[in-house]
Amino acid sequence: MKKTVLALRCIDKWFHDQQVLDHIDFDVNEGEFLTLLGPSGCGKSTLLRLIAGFDAPTSGQILINEKDVSRMPPNHRHVNMVFQNYALFPHMTVFENIAFGLQCQKLSLTEIQDRVDRVLQMVKLESLKARKPHQLSGGQQQRVAIARAAVNEPLVLLLDEPMSALDHALRKDMQLELKTLQRRLGLTFVMVTHNQEEALSMSDRVVVMSHGKVEQIGPPRVIYEHPNNLYVAQFIGETNVFETEVLAVDGNNVTVNIEDHQFVFKTRVALEPHQKISVLLRPEDLRSWDNSEVDDTKDMISAVVEQVVYKGSIVDLVLRTDKGTKLSATQFFDEDDENLDFRLGEHVWVEWPFGWEIILPHEA
Amino acid sequence: MCGSNGRLVGRLYCPMKRDIFFKQCSIVIIFAWLLFFALLPFTLVLVGGFLTGGTNEFLSWHFTLQSYADLFQLLYLRIFLRSFYLAGITAIICLILAYPFAYIMSKFSENVRLFWMLILIIPFWTSSLMRIYSIIIVIRVKGWFNGFLLWAGLIHQPLHLMYTQTATLIGLVYTLLPFMILPLYANLEKFNWTLLDAARDLGAKQLRRLFKIVIPLTLPGIIAGMLLVLLPAMTMFYVPDILGGAKSLLLGNLIKNQFIEAYNWPLGCAVSVMLTVVMVVMIAFYWKMTTPKERRELM
């Protein structure tokens, strides 16, 4: 059993008469990389500020190592933050920036020197320690900001949109680097982002939030492949949604009508006949064949190609079914199917491996 | 281009030509202005300091270093020191008053800031001489200030503030306070307040945040404000004249007296040059302490 380092217990937060956080309740394990993911205004940044101690929850508790810190000032929590634009002190050198927290703890000069040097080595910035922040690149500034927080050996390191100040090309590199750095430092990271790609690629677990509520918590793969609800499915990655209803239920098997075809799916969700449901399919799960490539079209949906976007290793198709539903389908080049030459207006047959569909009760 | 060969050409090109003409004109005017009203007078003062005073004319063409030698007389040195002292105290009082004011103002919303800015600037629309005279009404023996203190029971005898060094200080601080507030405000307005969150996050208490983050980062504003107060404070001769009863002489009074009362123009010139040298030294100090970017931000 992993050790819980940070526990949020029934946290509510109100600003005047507006509720920004609604019953937030989850644990963060030691050494974990946890990401709070959601659109702007979903309360993720507020939650981070509550954990950091810049604000107090209206009700509920924040426990760090089983100690209630909800109303403690930031410096008594053993939590440190990496700010959105890093908030490095512009008048101090890299070394002084990193040493600042240790000086506040009134440590001896030699200890400060030792610890700063050690962390500088870990973020590979030894050679730049005499520079001022404005003499550094965006990526280097980010590392200084992380080092400045990490040198205090916090129980939890909080990161507020750490990639947003970087340009696009750099972000991918820094995603990998941040993950590596987290492992090397051996610290618990709680990161806030609105970028789902960042969340999926770096985190051990993702907390998907909307309107102040937690929609789903889980490893990236679970979040992507088994979303709890339509919101999560649509927020993370692209999704095709068929709105339909259950025709018949037989044990775990349900009969469903999609685009005038009857399909029988296995499901773990308890469903009743005539219940409205959504059937979700990821674009990369859909396969499109042209007329000459198929014999049996019983379990296939007929559609017309509306748009072809060539992306090198993949081709993105926008399809329109006979009933008018718009679908997006991603086709991969592989040895089995070298013919990815789709023309606009061409008729295709669409299928997917059974079992890859996601069935959710319909949401109003 | 603007000739008779077509109206269209004329309309297309003439405005540009006029623009260049306007640009050149304004540059010429500015240079001429600086030449006649700054450089020329200053050269006269510089030369005047090395000449001898005459009985019939104010200056006569005999080179001498006498005026500069005279500057080192104890009497003048004392005035120099007193002047520095008064200007320094003024600048420090201004800084102490202005810093919280600018700090609070920078935290207000746009509209509230504008209001306070107006409150600060409106008095400038009246003559400073008038404003200095009006201080008399406040601080004289039967003035409002004494009236208030007596009414509040804080004192039993009215304070004799008029014609003291304190009165001069009050006048100087009152007149020069905005010159301290404005650069500080310009600096604090651009201050990145998340830095304070960051410092708090790293465990810095209030005083450390103030002395390690806020003050170092507003140092350009502090130095600029100090200069803008120190330099005029040494020359505002009418403030000690009116409020101080000419008891606390400033460099400005010394210069004025040499020119208007003692008719010792060479000495007046020498004192002026000394004052200029002091100013140049201070501005050089400011230049050395700040980066071009910081100076631009204060503009």
Side-chain angles (χ1 to χ4, degrees), chain A residues 45 48-55 72-93 96-107 112 115-116 119 132-135 141 144-154 156-161 165, chain B residues 95 99 102-103 106-109 111-112 183-227 285-299:
Chain A
S45 290
L48 201 72
R49 288 182 68 82
L50 291 188
I51 302 171
F54 293 123
D55 211 341
M72 272 188 193
N75 48 323
H76 290 149
R77 296 187 173 203
H78 297 291
V79 161
N80 285 109
M81 179 128 146
V82 174
F83 289 81
Q84 190 163 13
N85 292 306
Y86 310 138
L88 298 176
F89 305 128
H91 57 304
M92 296 183 194
T93 62
E96 288 164 339
N97 262 284
I98 299 173
F100 189 84
L102 301 177
Q103 282 162 357
C104 292
Q105 292 174 38
K106 306 217 160 60
L107 298 182
I112 292 177
R115 280 171 67 173
V116 174
V119 84
K132 292 273 178 73
H134 67 91
Q135 296 166 311
Q141 287 182 15
V144 175
I146 292 167
R148 185 177 70 174
V151 76
N152 303 295
E153 290 163 8
V156 182
L157 196 144
L158 308 169
L159 301 102
D160 188 5
E161 302 263 4
Chain B
L95 180 65
Y99 206 96
Y103 191 92
S106 66
K107 291 219 161 189
F108 281 138
S109 71
N111 284 334
V112 183
L184 282 176
Y185 169 73
N187 211 166
L188 281 162
E189 195 203 6
K190 294 191 184 79
F191 191 80
N192 177 5
W193 298 102
T194 25
L195 293 180
L196 289 188
D197 273 349
R200 200 149 70 102
D201 185 73
L202 294 166
K205 302 225 169 61
Q206 214 145 17
L207 276 182
R208 187 184 283 265
R209 294 204 292 272
L210 182 66
F211 285 106
K212 292 278 173 181
I213 311 291
V214 184
I215 289 182
L217 284 173
T218 49
L219 203 59
I222 294 174
I223 298 175
M226 291 294 267
L227 286 186
F285 171 74
Y286 169 63
W287 220 253
K288 211 172 148 46
M289 288 292 289
T290 53
T291 64
K293 189 170 158 269
E294 287 167 341
R295 288 196 293 272
R296 258 199 317 278
E297 276 175 358
L298 285 184
M299 293 291 174

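Just the heavy atoms: all of them, side chains too, but no hydrogens, waters or symmetry mates, feed the values below.
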Of B:Asp197, B:Asn192, B:Leu219, the largest count of non-hydrogen pairs under 4.5 angstrom with chain A goes to B:Asp197
What part of A:Val79 lies closer than 4.5 angstrom to a heavy atom of chain B: side chain, backbone, both or neither? backbone
What part of A:Leu158 gets closer than 4.5 Å to chain B, counting heavy atoms only: side chain, backbone, both or neither? neither
Drop me the distance from A:Gln84's CD to A:Leu48's CG, to the nearest 0.5 angstrom. 10.5 Å
Part of A:Asn80 lying under 4.5 Å from any heavy atom of chain B: both
CG-CG distance between A:Asn75 and B:Asp201, expressed to the nearest 0.5 angstrom: 9.0 Å
Measure A:Phe83 against the heavy atoms of chain B and call it side chain, backbone, both or neither at under 4.5 Å. side chain
Mind ranking A:His91, A:Arg49, A:His76, A:Arg148 by heavy-atom pairs under 4.5 Å with chain B and telling me who comes out on top? A:His91
Worked check of side chain to side chain contact (heavy atoms under 4.5 Å, CB included) between B:Asn187 and B:Leu217: CA-CA 8 Å; B:Asn187 211 166; B:Leu217 284 173; over 6 Å; no
List the steps, then state whether ring-ring contact (aromatic ring centres under 6.0 Å, His included) holds for B:Tyr103 with B:Trp193. CA-CA 11 Å; B:Tyr103 191 92; B:Trp193 298 102; 5.3 Å; yes
Identify which part of B:Arg208 has an atom lying under 4.5 Å from any heavy atom of chain A, answering side chain, backbone, both or neither. side chain
I'd like to know whether A:Phe54 forms a side chain to side chain contact (heavy atoms under 4.5 Å, CB included) with B:Arg200, so could you lay out the CA-CA distance, the side-chain angles of the two residues, the decisive distance to 0.1 Å, and finally the verdict. CA-CA 9 Å; A:Phe54 293 123; B:Arg200 200 149 70 102; 3.2 Å; yes
Reported CD1-to-CG distance for the pair B:Ile223 and B:Leu95, which is rounded to 0.5 angstrom: 11.0 Å
Proximal component of A:Gln105, with respect to chain B [non-hydrogen, under 4.5 Å]: neither
